[in-house]
Amino acid sequence: NAPTGMLLSVEKIKFLLNQFKGLVILDEAYIDFADENSSCLNLIKIYPNLIVLRTLSKSYSLCGIRLGYCFASKDIISVLDKIKDSYNIDTITQLIAEEGLKDRAYFNINLEKVKRTRTRLENELVNLGFKVYGMNANFLLCKPENGLEAKDIYDYLVDQNIFIRYFNQKRLADKLRISIGTEKEIDILLTHLNKLVSEREMPFEPNF
Ligand SMILES: Cc1ncc(COP(=O)(O)O)c(C=O)c1O
């Protein structure tokens with residue numbers, strides 16, 4: 001789930017599929033970052049009303065080609081085929097996607113890098129007094145519990161040219177979403193967060 005990074009278990013999704021006879025569309029955009037065996041792809045063989053969506057924008061680092069795709073029963077796919085735009089995805093995008101899907105070594109190295117940085121960021125955030133939510137995507141949703149306000153942290157980081165996400169919405173306005181960048185980017189973020197937190201913790205010194 002975006003933006004929580006939390007994962008619905010296969011069991012819960014099965015429960016949903018058993019109750020609901022209409023189409024169930026499951027967005028697995030971030031599934032490669034989640035625990036193993038949390039995908040519901042295999043369920044399309046059992047539930048003819050299930051569509052599973054994926055994208056090459058996240059774990060394949062190919063957001064530049066904007067290619068999404070779906071899995072479903074033959075019946076659903078043939079209906080989708082009938083109603084889709086008559087123009088197909090362009091040839092260059094197809095070639096890049098094919099290469100991306102084939103290169104498992106590059107994919108695995110990248111995925112492990114993101115997961116490692118995610119764990120490091122999670123630990124650092126906890127140490128800085130943040131509550132961290134789900135660990136199933138290439139971002140972390142966190143809530144400052146160290147006396148700082150999410151919006152103030154966001155504004156401070158923007159002033160330093162660091163852009164994370166702040167959602168001025170019910171149940172999210174006290175939280176921040178941080179995408180997992182490179183190690184270097186996370187270093188810079190953490191330097192500024194540490195500075196902000198330590199300034200906040202500095203005892204008041206009267207100015208006589
Ligand atoms: C939950 C979720 N699904 C799907 C997408 C789609 O990504 P894209 O349009 O790049 O394929 C995103 C992108 O941010 C997302 O957050």
Side-chain angles (χ1 to χ4, degrees), residues 1-10 12-14 16-17 20 22-44 47 49-72 76-77 80-81 83-85 87-104 106-107 110-111 113-115 117-118 121-122 125 132-143 150 154 157-158 162-173 175-182 185-186 189:
N1 178 266
T4 66
M6 286 153 100
L7 179 78
L8 269 186
S9 67
V10 175
K12 278 199 181 138
I13 288 163
K14 269 192 196 163
L16 232 154
L17 284 160
F20 186 68
L23 276 183
V24 175
I25 304 176
L26 190 61
D27 183 350
E28 290 197 346
Y30 297 99
I31 199 70
D32 294 318
F33 300 105
D35 294 337
E36 259 175 63
N37 302 322
S38 40
S39 167
C40 286
L41 205 51
N42 282 334
L43 296 186
I44 61 167
Y47 297 93
N49 57 333
L50 175 64
I51 299 182
V52 176
L53 306 180
R54 294 268 181 106
T55 174
L56 295 187
S57 293
K58 314 293 177 188
S59 52
Y60 286 87
S61 314
L62 286 173
C63 55
I65 63 169
R66 307 226 70 81
L67 187 76
Y69 50 102
C70 79
F71 298 90
I76 292 179
I77 297 292
L80 289 177
D81 223 20
I83 59 163
K84 85 174 174 67
D85 193 344
Y87 293 108
N88 211 340
I89 289 158
D90 68 85
T91 311
I92 295 173
T93 300
Q94 288 184 40
L95 287 173
I96 297 171
E98 231 178 292
E99 289 308 309
L101 287 165
K102 273 195 293 200
D103 196 344
R104 301 309 292 168
Y106 179 75
F107 171 83
N110 244 354
L111 193 64
K113 258 195 218 165
V114 173
K115 286 184 177 177
T117 311
R118 182 178 68 185
L121 180 62
E122 186 218 6
L125 286 172
V132 179
Y133 295 84
M135 293 276 286
N136 295 284
N138 60 348
F139 56 79
L140 290 176
L141 186 77
C142 62
K143 178 177 158 187
Y154 170 79
L157 292 173
V158 167
I162 299 172
F163 298 92
I164 60 170
R165 298 296 304 272
Y166 174 73
F167 305 93
N168 193 9
Q169 288 170 26
K170 210 174 154 193
R171 298 171 71 197
L172 283 173
K175 301 176 184 74
L176 296 163
R177 200 191 90 167
I178 306 174
S179 289
I180 308 300
T182 60
E185 285 165 341
I186 297 298
L189 168 80

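Indexing begins at 1, ligand by ligand and atom by atom, following the structure's order. In what follows, every heavy atom counts, from backbone to side chain, and hydrogens, waters and symmetry copies are set aside.
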S.K.: Nearest 0.5 Å, what's the CD1-CD1 distance between I65 and I96?
M.R.: 5.5 Å

S.K.: Could you tell me whether the side chains of S38 and D35 share a donor-acceptor contact shorter than 3.5 Å?
M.R.: no

S.K.: Measuring from L101:CG to E99:CD, what's the distance to the nearest 0.5 Å?
M.R.: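 Answer rounded to 0.5 Å: 9.5 Å.
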
S.K.: Can you find a heavy atom in the side chain of R54 that is under 4.5 Å from one in the side chain of I31?
M.R.: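 SC-SC contact between R54 and I31 confirmed.
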
S.K.: Which residue is it: Y30, F33, F107? I am looking for the one with a ring-ring contact (aromatic ring centres under 6.0 Å, His included) to Y60.
M.R.: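 With Y60 as partner, ring-ring contact (aromatic ring centres under 6.0 Å, His included) holds for just one option, F107.
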
S.K.: For the pair Y69 and F71, name the ring-plane relationship: parallel under 30°, tilted 30 to 60°, perpendicular over 60°.
M.R.: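 Perpendicular, since the angle between the ring planes exceeds 60°.
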
S.K.: Please give the N or O to N or O pairs under 3.5 Å between ligand 1 and the protein, distances rounded to 0.1 Å.
M.R.:
unit_1	atom_1	unit_2	atom_2	d
ligand 1	3 (N)	D27	OD1	3.4
ligand 1	3 (N)	D27	OD2	2.5
ligand 1	9 (O)	R66	NH2	3.1
ligand 1	10 (O)	S57	OG	2.5
ligand 1	10 (O)	R66	NH2	2.6
ligand 1	11 (O)	T55	OG1	2.5
ligand 1	11 (O)	S57	OG	3.2
ligand 1	14 (O)	K58	NZ	2.6
ligand 1	16 (O)	Y30	OH	2.7

